[in-house]
Amino acid sequence: LLSWWSLRCKVYERLFEYQKTAVKWLWELHCQRTGGIIGDEMGLGKTVQIAAFLTALQHSGLYLPSIVVCPATVLQQWSNELGIWSPALEVSILHSSIVGHAKAMEEEVEELLKFEDGETDVAKRKTKKKPRSEEAQKELIRNVRGSSDGILVTTYEHLRKFRMEILGKKWGYVILDEGHKIRNPDADITMVCKQVKTEHRLIMSGSPIQNRLSELWSLFDFVFPGKLGTLPVRK
């Protein structure tokens with residue numbers, strides 16, 4: 001109880017009211033064993049909402065190894081935010097640009113933690129370097145899947161590249177940042193994302209509605225397969 005109250009003060013109480021509402025909504029989706037789309041505009045803290053929710057799951061004993069898929073440009077942002085809001089999770093980044101930079105990222109997160117909490121002994125997020133060989137990368141995926149508090153942060157390209165290793169196991173959550181990237185229902189990456197084994201699928205996008213209704217259908221078919229029926233054949 002004291003541990004949960006401490007977590008609540010450090011995480012939940014620091015959220016804005018609309019973010020608290022989002023976390024409650026995510027819990028409702030979790031109980032229904034389905035997914036959803038967080039369509040807040042850019043800058044409103046979608047990443048923080050997800051990280052806070054994952055922290056709640058972890059401290060409640062309900063967390064399972066999960067995946068965050070995002071553009072390469074926000075890999076470090078995800079690492080930083082998870083370090084601040086989900087320090088108990090073990091973050092592993094699968095991307096070539098991280099080689100040799102993990103230590104610098106870890107030091108940056110440590111400084112952010114000090115700034116946020118005013119403490120020097122805050123639990124630090126563990127960031128693993130991306131292995132150099134392809135076999136070592138596959139081993140990293142297996143290690144994350146076998147860890148009770150592991151979370152894999154990778155890109156859409158790497159998800160497609162290592163589909164055999166990722167699709168072969170069931171995951172707690174799969175989270176697509178800039179999830180409108182799967183708006184094309186016929187694209188290879190869309191099909192790969194929809195094959196990830198989990199009921200808990202989340203999309204983050206400041207612009208979920210792009211050009212055509214078929215694109216919105218593709219997003220909904222990911223978070224709630226079959227809910228909107230099948231897409232009519234276009235001739």
Side-chain angles (χ1 to χ4, degrees), residues 3-4 6-7 10-11 26-27 30 33 35 47-70 72 74-103 105-110 113 121-156 158-177 192-193 195-202 204:
S3 176
W4 167 248
S6 176
L7 171 70
K10 287 187 176 182
V11 177
L26 290 171
W27 170 246
H30 180 86
R33 303 182 67 81
T47 305
V48 171
Q49 295 170 18
I50 294 291
F53 175 67
L54 294 179
T55 294
L57 288 180
Q58 200 269 342
H59 280 262
S60 300
L62 300 174
Y63 181 82
L64 294 174
S66 300
I67 309 175
V68 172
V69 187
C70 63
V74 295
L75 280 171
Q76 184 168 344
Q77 177 187 343
W78 267 102
S79 177
N80 292 345
E81 296 293 1
L82 288 170
I84 293 170
W85 297 91
S86 305
L89 295 182
E90 184 174 315
V91 183
S92 295
I93 300 178
L94 185 65
H95 193 271
S96 57
S97 66
I98 302 303
V99 174
H101 297 292
K103 182 61 178 177
M105 292 172 61
E106 201 166 280
E107 292 173 352
E108 180 178 342
V109 171
E110 182 177 346
L113 284 169
D121 58 344
V122 179
K124 298 178 179 63
R125 178 254 2 221
K126 296 168 283 183
T127 302
K128 290 186 177 179
K129 292 183 180 180
K130 176 261 183 188
R132 296 178 183 273
S133 70
E134 184 169 316
E135 183 56 40
Q137 295 176 58
K138 295 178 181 179
E139 181 65 22
L140 172 64
I141 296 172
R142 291 192 290 267
N143 289 341
V144 173
R145 184 60 190 85
S147 172
S148 60
D149 57 358
I151 182 166
L152 183 69
V153 182
T154 189
T155 64
Y156 289 89
H158 282 72
L159 176 65
R160 179 165 48 190
K161 179 179 179 180
F162 293 100
R163 68 177 74 187
M164 296 302 295
E165 290 71 31
I166 293 175
L167 300 183
K169 299 291 184 178
K170 188 171 183 178
W171 297 82
Y173 270 80
V174 57
I175 300 150
L176 304 185
D177 192 0
V192 172
C193 288
Q195 292 176 48
V196 178
K197 296 178 182 178
T198 180
E199 300 91 355
H200 305 297
R201 302 175 172 188
L202 299 176
M204 300 164 52

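Treat the numbers as computed from the prediction; the structure is a model and nothing was measured.
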Next item on the list: Using the six-membered ring wherever Trp is involved, compare the ring planes of Y173 and F53 and label them parallel, tilted or perpendicular (cut-offs 30° and 60°).
Entry: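 Geometry flag for F53 against Y173: perpendicular rings.
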
Check: Aromatic rings H158 and H95: how do their planes relate, parallel, tilted or perpendicular, breaks at 30° and 60°?
Finding: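 Judged by the thresholds at 30° and 60°, the geometry between H158 and H95 is tilted.
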
Note to self: Rounded to the nearest 0.5 Å, what separates atom OG1 in T47 from atom CH2 in W85?
What the structure shows: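 Spacing of OG1 (T47) from CH2 (W85) equals 11.5 Å.
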
Next item on the list: For R142, enumerate each residue passing the side chain to side chain contact (heavy atoms under 4.5 Å, CB included) test, keeping only those at least two apart in sequence or located in another chain.
Entry: E135, K138, E139

[X] versus [Y], closest heavy-atom pair with distance:
X	Y	value
S86	A51	OG-O, 2.7 Å
Q58	Y63	CA-CB, 3.5 Å
I93	L140	O-CD2, 4.0 Å
A88	H59	CB-NE2, 4.5 Å
L26	Q49	CD1-O, 4.2 Å

Check: Do R145 side-chain atoms and E165 backbone N/O form a donor-acceptor pair below 3.5 Å?
Finding: no

Item checked: Non-neighbouring partners of E199 that pass side chain to side chain donor-acceptor pair (under 3.5 Å), sequence neighbours left out -> R33, K170

Next item on the list: Please identify each residue that fulfils side chain to side chain donor-acceptor pair (under 3.5 Å) with S147, with sequence neighbours left out.
Entry: D149

